[in-house]
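Let me begin by presenting the structure, written as structure tokens, before commenting on it.
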Amino acid sequence: MTDRGLYIHIPFCSGKCYYCDFFSVALDTEKLDFFTKKIIKEIEYFSNQYPDTRISSIYIGGGTPSIVPYLYIERIVKRISDLFLVNSEEFTIEVNPGEIEWVKEYSNLGVNRISLGVQSLNNNVLLKCGRRHNRDSIIYALQEISKYYDNVSCDLILGLPGQNENIVMNDINEVSNYVKHISLYFLKIGEGTKFYDFLKNKTIDFPEDDNLVEIYYLAKNKMLELGYIRYEVSNFAKENFQSKHNTLYWSRKEYIGVGPSACSLIGNKRLQISKLNYFNDKITEYLTEEVLTLEEMAKETVILSLRTDYGLDLNRFEKTYGKSIFQMFPEAMEKNLKFFEFFNRNFLKIREEYFLSQNIIFEDFL
Amino acid sequence: MGDLLMDNRQQLIRNFCIIAHIDHGKSTLADRLLQETGTVADRNMKEQMLDDMDIERERGITVKLTPARMKYTFDGIEYTLNLIDTPGHVDFTYEVSRSLAACEGALLVVDATQGIEAQTLTNVYLALDNDLEILPVINKIDLQSADVEATKKEIEDIIGLDASRAILVSAKEGINIDKLLVSIVKDLPPPSGSLEGPLRALIFDSIYDNFKGVICNVRVIDGKIAAGTRIKMMSNGKEFECTEVGIFNPTMLEIDELKAGDVGYIAASIKNVEDTSVGDTITYSLKGTTEPLKGYKKVTPMVFAGIYPADGSRYNDLREAMNKLKLNDASLTYEPETSNALGFGFRVGFLGLLHMEIIEERLEREFDLDLVTTAPSVIYRVLKVNGDEVTVDNPTKLPDQSIIDKILEPIVHASIFSPPDYVGPIMELCQEKRGTFINMTYLDPTRVHIEYKIPLSEIIYDFFDTLKSRTRGYASLDYTLDGYNPDNLVKVDFLLNGDTCDALSLIVHRDKAYSRARNITERLREAIPRQMFEIPIQAAIGSKIIARETVKAVRKDVLAKCYGGDITRKKKLLEKQKEGKKRMRQFGSVSIPSEAFMSILKINDD
């Protein structure tokens with residue numbers, strides 16, 4: 001058997017937040033039936049294609065899975081346990097504050113981890129980024145979820161309009177009363193989002209990058225103080241609460257992804273469910289397959305592992321690719337050597353002072 | 001057929017060019033002549049027919065001379081009219097002199113709403129030097145603001161031509177074009193020259209054709225030439241067999257023979273661009289003439305700049321492109337150059353700034369090259385303390401300050417025509433640019449002629465643009481080189497991360513060095529993207545730092561979420577970001593975008 005993670009993309013949202021460039025649609029019954037059937041079909045497809053799969057973790061993300069009536073989630077999860085051998089140590093579902101109706105019931109399905117999209121606790125900031133809930137409903141959600149789950153994570157975004165150092169520190173202090181895991185993402189303004197227009201038309205001001213770096217490090221220190229460990233550039237967790245599912249992505253372990261725009265990594269193949277042809281009946285019509293060369297895989301290993309605090313395992317790299325990283329990327333290594341450090345003998349890491357400029361290093365490896 | 005008939009053939013040819021200031025309607029007039037004579041059918045007519053290059057049509061200027069043959073019947077006799085279009089800008093005086101040498105007459109076109117401009121005058125004098133018959137043509141008479149009488153008076157007072165026979169036309173409206181054609185036939189002389197003598201043909205232009213090799217545009221002075229004729233280039237003795245002769249109709253049209261008095265082209269499977277040179281005389285291989293035609297005075301470029309491919313690997317493409325352009329633009333000079341920042345490229349000599357812009361644009365458009373151009377420089381004469389003299393066309397090559405006795409810079413005699421209202425601003429500008437007043441003449445109540453001596457380096461900097469903006473476009477400028485003067489000049493170097501970046505060095509008057517250095521360091525700070533480390537940008541005279549800026553280190557360039565499905569997408573994002581940086585030059589550990597070198601080209605002193 002091969003251990004694989006399973007990701008399910010639920011594309012429904014009650015509205016589009018100004019920063020969001022994920023795939024989402026408005027919720028209606030007809031579409032609900034349609035997407036649920038499709039997702040189930042995809043699960044069946046993968047179980048047929050890869051019968052040797054043992055599911056090691058499940059992550060239901062979106063969109064907002066928590067606005068989908070429990071019945072549908074249940075139907076999907078049932079199908080998973082019918083078709084796969086499931087040994088999931090970690091089963092996460094994403095929940096939006098104000099949309100927590102079935103939080104308690106999820107545990108009946110085996111869910112043992114909740115990820116709450118907080119983003120900010122400041123009402124002014126929430127308003128400016130098009131969130132449809134406020135501080136009170138977030139605190140309420142955190143309290144409710146904590147009644148049923150020990151392993152709770154929340155997302156915060158750094159770089160939202162109106163945000164400053166105090167607001168972020170305050171948010172971290174407050175959420176730390178409830179959660180074992182914090183994802184602190186830098187805001188990325190993607191094309192096609194409302195924020196993109198705001199930025200272009202200078203409708204609102206966004207915090208400066210230099211300022212955000214300061215805040216990031218203040219936040220990081222604050223979290224360290226509170227007992228969280230950083231294990232990836234945007235992810236902090238109490239000991240043993242690091243996300244197993246996400247770690248799988250960064251260490252290039254195998255995973256299956258279903259739902260529109262989801263992605264799988266199986267062996268040397270990357271399978272992508274295209275949202276373009278999604279209404280086509282035959283999955284093969286909208287599932288694209290890319291066979292990765294050894295070099296492509298090596299590049300991904302560099303980009304992904306250097307994001308983490310574990311760093312890049314030089315021994316494992318050489319074993320996997322038959323060459324050391326120095327042999328594989330001589331120019332990029334030489335050019336960037338001064339930005340790296342070695343630790344525990346066999347791990348390569350980006351020095352902390354360059355950690356947030358990592359893309360510039362990665363470009364040399366591409 | 002007897003000699004008489006042959007002579008008669010020459011009697012029926014008129015070779016002429018048009019002299020005009022930019023915007024005075026030269027190209028439009030040429031279009032009308034082509035239409036009126038039926039040379040180009042109306043339906044094939046595009047505006048400014050003879051301006052072949054996209055750049056010419058877009059900018060409304062003529063750069064290259066393009067010949068056209070027209071047929072015109074007067075009094076029952078058919079005449080052949082060869083029109084050679086000429087450029088009107090100061091930079092292209094050289095091209096003008098080439099077309100003049102191929103003609104017997106010139107139409108002097110003056111805009112009835114503007115009067116004579118600086119450049120017109122220069123070209124008229126050139127035409128008079130070449131013994132051309134000049135026929136004044138007053139254009140734009142249809143406009144409300146046209147003042148025909150004042151324009152006539154200017155032609156008589158300033159140039160000294162009899163304006164009573166001037167033809168009054170509107171090229172735009174097609175008024176009096178017929179009268180003009182009659183006057184061309186009646187007032188301009190036919191070509192002299194002997195049909196019987198050995199061949200003498202003047203090459204006045206050439207282009208490269210992938211199939212036919214070099215094509216020479218020629219004016220046959222004596223003799224005749226046909227396919228099969230063995231010919232010789234008199235300057236280098238190279239011999240060829242003529243494969244094709246033809247005329248411009250206005251596109252190339254093969255004919256049997258070119259004879260004395262004709263304007264046309266010759267192809268002779270000339271593969272090597274260097275074998276022909278504009279101004280050379282073509283004669284027979286056997287029993288040719290021993291006396292070449294006068295040819296042209298070799299022009300000396302006044303402005304120099306480094307041209308480099310933005311993508312260093314395209315140096316060979318650039319070299320090939322320069323070779324081909326040279327064929328078509330005899331005034332272009334260049335030699336290989338190496339820069340520590342830009343790699344392999346060329347030091348290119350230009351006639352002026354417009355010429356430089358045109359060459360850059362032609363290289364980019366016709367040869368699909370992306371270029372990096374360094375700041376233009378003039379030629380300095382440097383006297384060393386030991387008495388030696390060196391010339392410097394690249395600031396990097398200026399000898400060490402300690403062994404320099406004096407630096408002399410080229411001075412021009414600038415001639416400016418303007419309405420009197422702008423005398424103040426013009427004189428102010430000339431003073432700012434280190435000018436020395438020579439003379440001022442009121443030509444009439446509406447026009448004044450101002451003369452100054454100004455360093456050429458100031459002219460090529462931003463003089464023309466500033467002149468135009470301070471006089472709301474009314475003033476016109478012409479200049480001729482007028483010796484060298486010593487001045488207090490210094491070299492300013494720019495250091496990136498501590499290393500001198502040679503492509504950025506410049507020579508400037510000491511009084512302006514500080515403000516220029518501050519200005520450029522600021523520009524560089526804006527143009528150079530933040531990198532992993534802090535980059536100091538310094539300007540220095542010798543070892544003395546006179547300005548400093550810092551490009552701060554990048555603090556944040558990190559992908560937000562990076563989960564399952566995103567990896568492919570994020571990788572593409574990074575690849576795109578990387579692609580955008582490909583055009584950057586690696587200078588030590590600093591990456592400099594090509595644009596950074598360009599951004600310092602046009603700046604204002606304040």
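Letters go in sequence order (proteins before strands), and every chain restarts at 1. Side chains are part of it too, since the values below use all heavy atoms of this structure and drop only hydrogens, waters and symmetry mates.
Interatomic distance, B/E575 CD to A/K299 NZ, rounded to the nearest 0.5 Å: 6.0 Å. In this structure, CZ in B/R530 is found 9.5 Å from CD1 in A/I360, a value given to the nearest 0.5 Å. The CZ atom of A/F362 lies 10.0 Å from the CG atom of B/D557; values are rounded to the nearest 0.5 Å. In this structure, CD1 in A/I303 is found 8.0 Å from CG in B/L559, a value given to the nearest 0.5 Å. Of the inter-residue distances, the one linking A/R307 atom CZ with B/K570 atom NZ reads 7.0 Å to the nearest 0.5 angstrom. Of the inter-residue distances, the one linking B/L574 atom CG with A/Q358 atom CD reads 9.0 Å to the nearest 0.5 angstrom.
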### Task
Give the C-alpha distance, both sets of side-chain angles, the deciding distance and a yes or no for side chain to side chain contact (heavy atoms under 4.5 Å, CB included) between B/M532 and A/I361.
CA-CA 9 Å; B/M532 290 295 264; A/I361 298 173; 3.5 Å; yes

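In this structure, chain B has a heavy atom under 4.5 Å from the side chain of A/F339, while its backbone stays farther away. With a threshold of 4.5 angstrom between heavy atoms, A/N336 does not approach chain B through any atom at all. For A/L304, the part sitting under 4.5 Å from any heavy atom of chain B is the side chain, from C-beta outward, and nothing else. Contact annotation for A/E290: only side-chain heavy atoms (C-beta onward) come within less than 4.5 Å of a heavy atom of chain B.
By the neighbour-count criterion of 12 heavy atoms within 6.0 Å, atom CZ of B/F344 is sparsely surrounded, having that number or fewer from other residues, nucleotides or ligands. Surrounding NZ of B/K468 are more than 12 heavy atoms belonging to other residues, nucleotides or ligands, all under 6.0 Å away. More than 12 heavy atoms of other shown residues, nucleotides or ligands fall within 6.0 angstrom of atom CD in B/Q401.
The closest donor-acceptor contact from the side chain of A/S357 to the backbone of B/V554 lies under 3.5 Å.
A cation-pi arrangement is found for B/K556 relative to A/F186, the charged atom lying closer than 6.0 Å to the ring centre and inside a 45° cone about the ring normal.
Interface check for chain A: of the options B/K552, B/Q531, B/K571, the most heavy-atom pairs under 4.5 Å are formed by B/K571.
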